[in-house]
Amino acid sequence: MHWEDHHEILRIFAPQAFSFKENIDYLSRSTDECMFAIKDEKIYRALALENNTTVLIEISAENDRILEVRFLSGTTPENKAGRAEVARYVREWFDMDTDLEPFYQLAENDPLLHEPTSKFYGLRNVGLPDLFEALAWGILGQQINLSFAYTLKRRFVESFGEKVEGYWLFPRPERIASLNVQDLADLKMTRKKSEYLIGVAQLIANGELSKEKLLEVDFKTAEKMLVNIRGIGPWTAHYVLARCLGFPSAFPIDDVGLQNAIKLMLGYEQKPTKEEILHYAKNWSGWETYATFYLWRILY
DNA sequence: GACCAGGATTGCT
DNA sequence: AGCAATCATGGT
């Protein structure tokens, strides 16, 4: 039992090596985030539940390892299933069911991970539990700087998402599947990105692609399923394998951010080669997802 | 005003 | 299999 249902609030118990503050700091990295808000160390966001209702929740910390979720929207879900669904979402969002001790142990003597893991101790692989949101965010972020990616996401969400009590729900794939390329190109994304987004939305909307299907196969198979989709290359596939599907060995080795983080850690003038990265990554076997996440973190 | 950005596809050897 | 051109816009 890792959470308690007190009806008006949910109390969620974090595992060892968890820091709510570190995760909040990570979530605060962009001032242009549109999917949630953070005020006074509390997180606010809207969620769409499986029974087609929506809730607005507030997540705070009683202490750094006990989270409290309050239901702020007019309709506190009377159904126990809805509250359990929210508890699952929060646990998944902050990856609260992973034991990080083995990762911290291998990081102790790792030239690249030692510093980030001590500096950000308790940081989790903060996820994107919704598959379409994860894929869309990956596609939106391809080849452009992060601040522009946030701008595009905001336009995308505010154009095609749904607003609940002042907070945005991510656009539903059914909605995006019905758009034409020009609708998205108008937001100043490339026509190819527009095609990719619509294509992925159609696959999810018609049931060909789902989180369940990706989770019932092994890592390599899931990777192939993703890369076979037009617009999803190795980088986006591993990004989603890591941040949505929770595979521990996802490794977007071509990522510019990862390269820059290693460059910064080593004091290089130039970005490391792929061979150099693979050399360092030998020590990360089975924990590439967390290694990448912690290295990304030092850039913000 | 270059140069690069949390890449992927297409077309060519 | 490997490489170059292309996409298109905004940040720095």
Side-chain angles (χ1 to χ4, degrees), chain A residues 26-35 112 116 120 123 125-128 131-159 170 180-203 209 223-245 247 249-265 268-275 277-278 280-281 284 288-300:
Chain A
Y26 165 75
L27 287 175
S28 308
R29 74 194 184 287
S30 171
T31 53
D32 210 21
E33 174 61 59
C34 58
M35 292 307 296
L112 292 179
F120 304 112
L123 172 68
N125 171 27
V126 180
L128 297 162
L131 178 64
F132 182 58
E133 183 178 341
L135 282 166
W137 179 226
I139 291 169
L140 283 170
Q142 289 169 1
Q143 178 53 27
I144 58 175
N145 62 70
L146 207 46
S147 47
F148 183 37
Y150 275 107
T151 300
L152 286 181
K153 181 168 88 161
R154 175 177 289 279
R155 287 179 193 155
F156 183 69
V157 168
E158 293 183 351
S159 299
F170 202 76
N180 57 51
V181 172
Q182 191 59 46
D183 293 329
L184 292 179
D186 285 344
L187 307 182
K188 304 303 180 188
M189 63 180 84
T190 65
R191 301 188 71 81
K192 286 197 173 191
K193 260 183 205 185
S194 307
E195 293 170 14
Y196 301 162
L197 284 171
I198 292 169
V200 167
Q202 287 172 343
L203 288 175
L209 178 67
E223 179 189 6
K224 279 179 191 164
M225 287 167 66
L226 287 170
V227 170
N228 281 336
I229 298 168
R230 185 162 181 272
I232 300 179
W235 180 85
T236 310
H238 281 258
Y239 186 82
V240 170
L241 289 164
R243 302 209 46 206
C244 178
L245 303 171
F247 284 102
S249 302
F251 193 34
I253 187 166
D254 296 316
D255 180 71
V256 176
L258 178 65
Q259 294 165 10
N260 284 331
I262 295 174
K263 173 183 165 188
L264 184 64
M265 284 298 302
Y268 280 9
E269 294 290 325
Q270 296 177 346
K271 286 184 284 193
T273 66
K274 194 166 182 172
E275 288 68 29
I277 299 177
L278 283 171
Y280 285 106
W284 308 340
E288 289 87 346
T289 294
Y290 262 94
T292 304
F293 199 75
Y294 269 77
L295 283 168
W296 274 337
R297 184 64 183 85
I298 68 171
L299 295 175
Y300 309 122

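Note: hydrogens, waters and symmetry copies are ignored here, and every other heavy atom, side chains too, is used. The structure presented is a predicted model; accordingly, all values stated were derived computationally and were not measured. Numbers restart at 1 for each chain; the letters A, B, ... are given by sequence-line order, proteins then strands.
Partners of A/S147 by side chain to side chain donor-acceptor pair (under 3.5 Å), not counting sequence neighbours, listed by chain and number: A/N145. Remark: A/S159 pairs with A/L187 by the side-chain contact (heavy atoms from CB on, under 4.5 Å) rule, at least two apart or across chains. With sequence neighbours left out, A/R154 forms a salt bridge (charged side-chain N to carboxylate O under 4.0 Å, His left out) with A/D32, A/E158. Residues meeting the salt bridge (charged side-chain N to carboxylate O under 4.0 Å, His left out) test with A/D254, sequence neighbours left out: A/K274.
Here the separation of B/dT9 from C/dG10, taken at their C1' atoms, is 22 Å to the nearest Å. For the P atoms, the distance linking B/dG11 with C/dA8 amounts to 15 Å, nearest Å.
Distance CG (A/N228) to P (B/dA8): 14 Å, rounded to an integer number of Å. Regarding A/L140, its CG atom lies at a distance of 13 Å from the P atom of B/dA8, rounded to whole Å. A/L258 places its CG atom 15 Å from the C1' atom of B/dA5, with the value rounded to the nearest Å. A/H238 has its NE2 atom 14 Å from the P atom of B/dG7, to the nearest Å. Rounded to whole angstrom, the span from the CG atom of A/L197 across to the C1' atom of B/dG7 amounts to 13 Å. Distance NZ (A/K153) to C1' (B/dA5): 17 Å, rounded to an integer number of Å. Rounded to whole Å, atom C1' of B/dT10 lies 12 Å from atom CD of A/E195. Here B/dA5 presents its C1' atom at 12 Å from OH of A/Y300, a figure rounded to the nearest Å.
Across all strands shown, A/L152 has no heavy atoms under 4.0 Å from either base or sugar-phosphate atoms. Contact annotation for A/R297: no contact, since no heavy-atom pair falls under 4.0 Å across all strands. Among the heavy atoms of the strands, none lies under 4.0 Å from A/P252. Among the atoms of the strands shown, base atoms are found under 4.0 Å from some heavy atom of A/Y239.
Residue whose closest nucleotide on DNA chain B sits further toward the 5' end, between A/R243 and A/I229: A/R243. Across the interface with DNA chain B, nearest-nucleotide mapping of A/G231 and A/D255 shows A/D255 to be the residue nearer the 5′ end.
For the pair A/R297 and A/F293, the NZ or CZ position fails the cation-pi test of under 6.0 Å to the six-membered ring centre and within 45 degrees of the ring normal.
Applying the salt bridge (charged side-chain N to carboxylate O under 4.0 Å, His left out) test to residues at least two apart or on different chains, the pairs with a partner in residues 226-235 of chain A are A/E195-A/R230.
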Give each protein N/O atom lying under 3.5 Å from an N/O atom of nucleotides 8-10 of chain C, with the pair distance.
| unit_1 | atom_1 | unit_2 | atom_2 | d |
| --- | --- | --- | --- | --- |
| C/dA8 | OP1 | A/R191 | N | 2.5 |
| C/dA8 | OP1 | A/K192 | N | 3.3 |
| C/dG10 | N2 | A/N145 | ND2 | 3.4 |

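Minimum interatomic distance between A/G141 and A/A149 (heavy atoms only, all atoms of both residues): CA-CB, 4.0 Å.
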